[in-house]
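Below: the structure, in structure tokens.
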Amino acid sequence: MIGLFSIALLGASAVLAAVPRALNDTIVPRQCGTVISDEDLIAAEADFVSKKAELGISPVPLATLATTLKVYWHVIAKDTTVAGGYIPDSQIAAQIDVMNEAYADMGITWSLASTTRTINSDWFNNAGPDSSQQTAMKNQLRTGGAADLNVYSVGFTSGSGEGLLGYSTFPSSYSSSPKDDGVVMLFSSVPGGSTTNYNLGQTLTHEAGHWVGLYHTFQGGCSGSGDSVSDTPPEASAAFGCPTGRDTCSGGGVDPIHNFMDYTYDSCMTEFTAGQVARAVSQMQTYRGVSL
């Protein structure tokens, strides 16, 4: 596994964003907490290029996926109240709708395959990167194969996950750690949830972006290959709120604050670029066996 779930200031192998603990309703910025080192990033991209060549996959796919992917949703709650994480089917359905709108240009349709509900206050409170609770939760509940998205909605109230909005694995990690694959997210960031500025459903859109192989738009800052996508302007650091006209790197255009892979408010996030679509298509073909 390449650098997943190491807690640090910046990162791309997963996305972790801070929220207040009490009622999850105070205005706060997303804060990234996972890192992939420059060395591991280079290794990951070299492996990607090599495997694409072995499989005969075009370096720049000209088509979208036009595929339906199953979503297995695992509601983890401390009790049977919405405030305790027991989100209703209506919010889960609304979240799938948000995902389908966001991923339409990528050719991905997300279909809810099943929903499980588990009352476990330890998992709800303490599941987080590298925690024993996360391992037990995923080992018991994960369903399907490489092309099936497992989503675990939890509370992130303490432990290694305290204050997070969510985190995700990359496609390249599946073969070595299939049970670890998926997204863990804050229950109150679904549409209609109680987390101010992050309750329109774009947390899962962002996390699923990592799951299909995308880095943050601000990966690598102003230098190097950045997020390995040519049509996302370089960005020195994550953008918070919705800072229209922000331009932190000279040349290349203003920062991509409306991109789903930045850290702006849900209301500010509206797009993936054509380059991100091409990368995701290649990543899904290469590591998840999804065909055009």
Side-chain angles (χ1 to χ4, degrees), residues 2-6 8-17 29-52 57 59-61 64-65 102-103 105-106 108 165-173 183 202-240 243 246-264 268-288:
I2 300 174
L4 290 179
F5 306 144
S6 337
L9 290 178
L10 293 175
S13 59
V15 55
L16 310 170
R30 300 181 196 258
Q31 296 293 330
C32 179
T34 302
V35 67
I36 181 170
S37 68
D38 291 341
E39 181 180 5
D40 284 345
L41 178 59
I42 291 170
E45 291 306 298
D47 181 72
F48 181 34
V49 170
S50 174
K51 282 188 167 59
K52 280 195 300 181
I57 295 172
V60 183
T64 55
L65 289 171
Y103 283 83
D105 289 343
M106 204 173 286
I108 293 176
L165 273 180
Y167 58 95
S168 174
T169 57
F170 275 141
S172 57
S173 299
V183 166
Q202 304 305 4
T203 288
L204 185 55
T205 300
H206 179 109
E207 303 297 352
H210 290 298
W211 189 82
V212 300
L214 301 180
Y215 296 131
H216 296 135
T217 53
F218 50 86
Q219 175 69 35
C222 297
S223 61
S225 60
D227 63 353
S228 299
V229 175
S230 61
D231 62 355
T232 54
E235 187 177 22
S237 60
F240 304 117
R246 181 178 188 256
D247 190 359
T248 55
C249 297
S250 59
V254 297
D255 293 353
I257 65 164
H258 298 296
N259 197 282
F260 290 121
M261 302 313 294
D262 208 335
Y263 270 16
T264 50
C268 194
M269 292 181 164
T270 60
E271 64 183 8
F272 291 114
T273 67
Q276 287 175 315
V277 170
R279 177 178 170 83
V281 169
S282 288
Q283 284 270 318
M284 294 295 282
Q285 288 181 280
T286 302
Y287 294 111
R288 297 199 184 278

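If you read the sequence from its start, that first residue is 1, and numbering goes on from there. Just so you know, these numbers use all the heavy atoms, side chains as well, and skip hydrogens, waters and symmetry mates.
Note that the CG atom of D105 and the CD atom of E271 stand 10.0 Å from one another [nearest 0.5 Å]. Taken from OG in S168 to CG in L204, the straight-line distance is 9.0 Å, to the nearest 0.5 Å. Between the CG atom of L65 and the CE atom of M284 there is a distance of 6.5 Å, given to the nearest 0.5 Å. Distance check: S282 OG to K51 NZ gives 14.5 Å after rounding to the nearest 0.5 Å. One finds the CD atom of Q276 at 11.0 Å from the OG atom of S228 (value rounded to the nearest 0.5 Å). Atoms OG1 and NE2, from T232 and H216 in turn, are 12.5 Å apart once rounded to the nearest 0.5 Å.
Nearest approach of P233 to P256, heavy atoms of both residues: O-CD, 3.6 Å. Residues P243 and T264 approach most closely at CD-CG2, 4.1 Å, considering heavy atoms. Scanning all heavy atoms of the two residues, the minimum distance from G252 to P234 falls at CA-CD, 4.3 Å. Contact detail for Y103 and G209: the closest heavy-atom pair is OH-N, 2.8 Å. Nearest heavy-atom pair across Y215 and M261 is O-CB, 3.5 Å. Nearest heavy-atom pair, C268 versus I257, reported as atom, atom and distance to 0.1 Å: SG-O, 3.8 Å.
In this pair, H206 and H210 present their aromatic rings perpendicular. The plane angle is above 60°, beyond the 30 to 60° band. Between F240 and Y263, the ring planes are tilted. Angles from 30° to 60° get that label.
Side-chain contact between V183 and Y167: absent, with no pair of heavy atoms (C-beta onward) separated by less than 4.5 Å. No side-chain heavy atom of Q283 sits under 4.5 Å from any side-chain heavy atom of F170. Using a 4.5 Å heavy-atom threshold, the side chains of K52 and Y287 count as separate. Side-chain atoms of V212 and M106, non-hydrogen and from C-beta on, do get closer than 4.5 Å to each other. When side chains are defined from C-beta on, D262 counts as touching E235, because their heavy atoms get closer than 4.5 Å. No side-chain heavy atom of S230 sits less than 4.5 Å from a side-chain heavy atom of T273.
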T217/N259 under side chain to side chain donor-acceptor pair (under 3.5 Å): CA gap, chis, key distance, verdict: CA-CA 8 Å; T217 53; N259 197 282; 5.5 Å; no
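Remark: F260 engages F272 in a ring-ring contact (aromatic ring centres under 6.0 Å, His included) (not counting sequence neighbours).
More than 12 heavy atoms of other residues, nucleotides or ligands shown are found within 6.0 angstrom of CG on D231.
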